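Owing to the predicted nature of the structure, the values given are computational and were not obtained by experimental measurement. Just so you know, ligand 1 is whichever comes first in the structure, and atom 1 is the first atom listed for that ligand.
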Amino acid sequence: MSEQKVVLYDGPAGGWGALRSVGNALLKQDIPLKGAKTLLSANQPDGFDCPGCAWPDRNHASTFEFCENGAKAVAAEATARRTTAEFFAQHTVTELATQSDFYLEDQGRLTEPMVYDAASDKYLPIAWDDAFALIAKHLNALPDPNQAIFYTSGRASNEAAFLYQLFVREYGTNNFPDCSNMCHEPSGSGMRESVGVGKGTVTLDDFELAEAIFIFGQNPGTNHPRMLGELRQAAKRGARIVSINPLRERGLERFADPQDKLQMATMGDSPISTHYFQLRIGGDFAFVKGMMKHLVELQDAGEDVLDHAFIAEHTIGVEAMLADLRAESWALLESECGLGAEHIRAAAEVYRQAKSVIACWGMGITQHQNSVATIQMITNLLLMRGNIGRPGAGPCPVRGHSNVQGDRTMGIWEKPPVALLDNLQKVFGFTPPQAHGFDTVESIQAMLDGRGKVFFALGGNFAAATPDTVLTWKALRNCDLTVHVTTKLNRSHIVHGKAALILPCLGRTEIDMQASGAQGVTVEDSMSMVHISVGINPPASAQLLSEPAIVARLAAATLAGRSQTPWLWLLEDYSRIRDKIEAVFPDFKDFNARVKVPGGFRLRNTASERVWNTESKKAVFKTHQVPTGTPLQRARERKGDAIVFALMTTRSHDQYNTTIYGADDRYRGVYGQRRVVFAHADDIRDLGMKDGDWIDFHTVWDDGEERRADGFKLVTYNIPRGCLAAYYPETNPLVPLSSVAANAGTPTSKCIPVLLTAHQRA
Ligand SMILES: Nc1nc2c(c(=O)[nH]1)N[C@H]1C(S)=C(S)[C@@H](COP(=O)(O)OP(=O)(O)OC[C@H]3O[C@@H](n4cnc5c(=O)[nH]c(N)nc54)[C@H](O)[C@@H]3O)O[C@H]1N2
Ligand SMILES: Nc1nc2c(c(=O)[nH]1)N[C@H]1C(S)=C(S)[C@@H](COP(=O)(O)OP(=O)(O)OC[C@H]3O[C@@H](n4cnc5c(=O)[nH]c(N)nc54)[C@H](O)[C@@H]3O)O[C@H]1N2
Ligand SMILES: [Mo]
């Protein structure tokens, strides 16, 4: 770990710093040579899909695209370290519970299935068939299948996800919480109502044509580094790039492209954003509404601003929305977003002057109580000038996990569409459950009050990724059985049910050998491109199974005698699974043939063709009021404006969600530490504190429960007053379980009302 310090980072994002950091990542994992070869196979037509993020590649067939965080994700999986049965023999679970998240994953890849033994408080080896039999016994003993909960993290392939949802529905429930519930769920809910599709409509080609690109609440320098290459190209050809973010993120300001030999040789870098609006946390709704109000004012003053032909042919609801915008108060919009009308108008002018506009967004938009309304406002803004369904324009929610979008396409959804259930019935000859299941927050509540008894996770780190840590851990410990399919040891294996299993699986970089030979799996990126991923490394251990194998063998064990699905036959050759996917989803016609083409194919996206799959068969302008009674407003009414802060929980540069690679956050100038909180200098002063002081956080919430997180160091930062930022997952104990996005259920981890007090050392 590096020395603890905070310094101003004034270099560009990317560049040599990124290359150096990758070198360090490989060395730390003891894999310099193999690692380098592995890296060169990421996102190649005959290689594996990078497990780093869901940003698409140019053709998925071009030369190696260097990406610092992709390289770290690959190195983490290709590590030479192993967490063996001997390791578990040496440590009780109580001992492991005292270790950090970093330590747990740093032990390396798991090598064989393990079962918790209460007598010794240790995990012991178990044979695969015994593990499946144990799970089957628990599942089949439940009086109601809805007492079992099946979580998915977004790395699972289409093939694994498809088999999984089939197994769980044949078993009898739609309890499919997934990481998407904590991530882009509001994008799906909001856009489906507005334009009939819950996915972005743009492709990389549109990024070459857009005249303006708006980036709301997203930090691509850290989380989607390859997106910076697109933004830089766009900036170079004169497109305007507008960042809307409470923090000045380095990657949104300047970037040196590791792909660009000239820039690397000359230490040059290019500006990214032409405009930067530092609004208040949660101020996006008001900001976008203000942009729209400016457009209407221009229109009313006689300028031709709106795309009338598009609006007349393709939309409904415009009159009500325009009336609402005319009546809206500038003063309210300004005070909500913390920026004067002149700034909002300036952003609106960039929008108006561009012939084609893309709007991107990330977690800064989705993890709020009001996120669905904000996303519908962004969609309204695009619709006003016909910026959907034509070249260079459209909405672009930038997804996180590399196959989170594909998992949803495959039916990992607690609210399955009727057409999916009908097709499953036709193809597989059983009656799927119709009732909606639990999402992530509902699952935690169900486990807390005894309605959920068995918890099974296909990947991820539920105990660390979810809100309200104290309650969530209680919920998991309440279960009769917890099971985790996983590559590495993490918190969720330590916070376990009365019985517990760890089932280690192959990672995407590894060769997946089945009866018919080595298999590839498919994934769908953030722009609906589906392509094949083939592992190249020997498995980390001979005892690992692939995720499809774990699901198929578990299904065969659990549903023996009552399922007509040929589970083990499907497993022999994944193209058989793809044939079934094609049979259930018409959009996957000729799946096996189309996925053989280098680069794969794009799934149909009706909104991008201006076909609107909404009830009215039109795109819908949704009218929304500035939110009142939000958790923050309620807290401020109770405790006073001056002392209640809005806390965002976000990612550092050295982590992949709950996987902590190291303690540096290079672009924000933080080294050797994670327990920091970014605050405005004047707020620190008004608290009677100074930079470097230690504080404790307390959530202001209405249910009487105490939520706190202790021991964070104040760091003076360029952030609006009243706003704070700290890292997740350390701050998850502060996020109330019952504070979720309306109509999406997403925990509101970007806007927690908190009080700060001087740190009380134990
Ligand atoms: N290296 C790496 N890559 C990743 C991940 C990772 O952890 N590490 N995670 C993956 C996953 S699952 C996801 S979902 C994505 C996440 O990628 P992002 O969407 O970039 O997520 P965060 O890091 O949480 O950053 C949120 C951004 O929103 C800003 N923000 C916070 N509150 C507000 C607000 O109220 N308004 C506005 N306008 N901005 C706000 C923050 O300052 C920050 O810049 O990345 C994926 N890629
Ligand atoms: N406070 C706060 N909370 C948040 C967020 C936030 O911004 N703030 N972000 C939310 C978001 S956007 C998301 S997506 C969730 C993430 O929630 P999850 O997806 O549940 O968490 P991850 O940390 O991505 O999961 C990491 C684990 O996945 C396992 N793993 C890695 N590769 C594989 C594989 O190939 N197969 C299997 N089976 N397992 C594998 C490893 O054991 C690793 O420990 O967290 C959410 N929680
Ligand atoms: Mo995510």
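Residue-ligand proximity: K750 is placed with a non-hydrogen atom under 4.0 Å from ligand 2. Ligand 2 lies within reach of V485, whose nearest heavy atom is under 4.0 Å from it. Within the 4.0 Å heavy-atom cutoff, R508 does not count among the residues contacting ligand 2. At least one heavy atom of H368 sits less than 4.0 Å from an atom of ligand 1.
A salt bridge links E185 with R408: at least one charged nitrogen is closer than 4.0 Å to a carboxylate oxygen.
If you check the side chains of T659 and E105, you find a donor sitting under 3.5 Å from an acceptor.
In terms of polar-atom proximity, defined here as any N/O pair under 3.5 Å, T731 makes no such contact with ligand 2. Considering backbone and side-chain N/O of C53, none are found under 3.5 Å from N/O of ligand 1. Of the polar atoms of H401, none of the N or O atoms is found under 3.5 Å from an N or O of ligand 1, judged by distance alone. Backbone and side-chain nitrogen or oxygen atoms of E77 are examined, and none is located within less than 3.5 angstrom of a nitrogen or oxygen of ligand 2. Remark: ligand 1 and Q367 share no N or O pair separated by less than 3.5 Å (distance only, no angle test). In terms of N/O distances under 3.5 Å, ligand 2 is not approached by T650.
The protein atom (non-hydrogen) at minimum distance from atom 44 (O) of ligand 1 is E249 OE2, 2.6 Å. If you check which protein heavy atom lies closest to atom 30 (N) of ligand 1, you get G364 CA, 3.6 Å. Atom 36 (N) of ligand 1 has D284 OD1, 2.7 Å as its closest protein atom, hydrogens excluded (heavy atom only). If you check which protein heavy atom lies closest to atom 2 (C) of ligand 1, you get N223 OD1, 3.4 Å. For atom 10 (C) of ligand 1, the closest non-hydrogen atom on the protein side is Y656 OH, 3.6 Å. What sits closest to atom 32 (N) of ligand 2 on the protein, heavy atoms only, is R155 NH1, 2.9 Å. For atom 42 (O) of ligand 1, the closest non-hydrogen atom of the protein is N245 OD1, 2.7 Å. Distance from atom 46 (C) of ligand 1 to its nearest protein heavy atom, with residue and atom name: G400 CA, 3.6 Å.
Taking both residues in full, the closest heavy atoms of C505 and I550 are given as CB-CD1, 3.9 Å, listed atom of the first, atom of the second, then distance.
Atoms of ligand 1 lying under 4.0 Å from at least one heavy atom of N69, given by number and element, are 1 (N). Annotation for ligand 1: atoms under 4.0 Å from non-hydrogen atoms of C183 are 14 (S). Close approach of ligand 1 to G362 (heavy-atom distance below 4.0 Å) involves ligand atoms 19 (O).
Considering only non-hydrogen atoms, atom 39 (N) of ligand 2 lies nearest to G459 out of G507, G459, G154, S546. Across Q655, H184, R651, heavy-atom proximity to atom 12 (S) of ligand 2 is greatest for R651. By heavy-atom distance, the residue among M182, E105, R399, E510 lying nearest atom 43 (C) of ligand 2 is E105. Counting only non-hydrogen atoms, the option in P733, S402, S153, P467 that gets closest to atom 19 (O) of ligand 2 is S153.
Under 4.0 angstrom from ligand 2, the non-hydrogen atoms of A465 come from both its backbone and its side chain. When non-hydrogen atoms are compared, ligand 2 lies under 4.0 Å from the side chain of N490 (C-beta onward) but not from its backbone. If you look at T658 next to ligand 2, the close heavy atoms, those under 4.0 Å, come from the backbone and the side chain alike.
In terms of modelled atom types and a separation under 3.5 Å, the side chain of R674 and the main chain of Y728 share a donor-acceptor contact. Judged by distance alone, the side chain of D664 and the main-chain N or O of R666 form no donor-acceptor pair under 3.5 Å.
Taking the centre and axis of the six-membered ring of Y727, the NZ or CZ atom of R668 falls outside the cone set by 45° and 6.0 Å.
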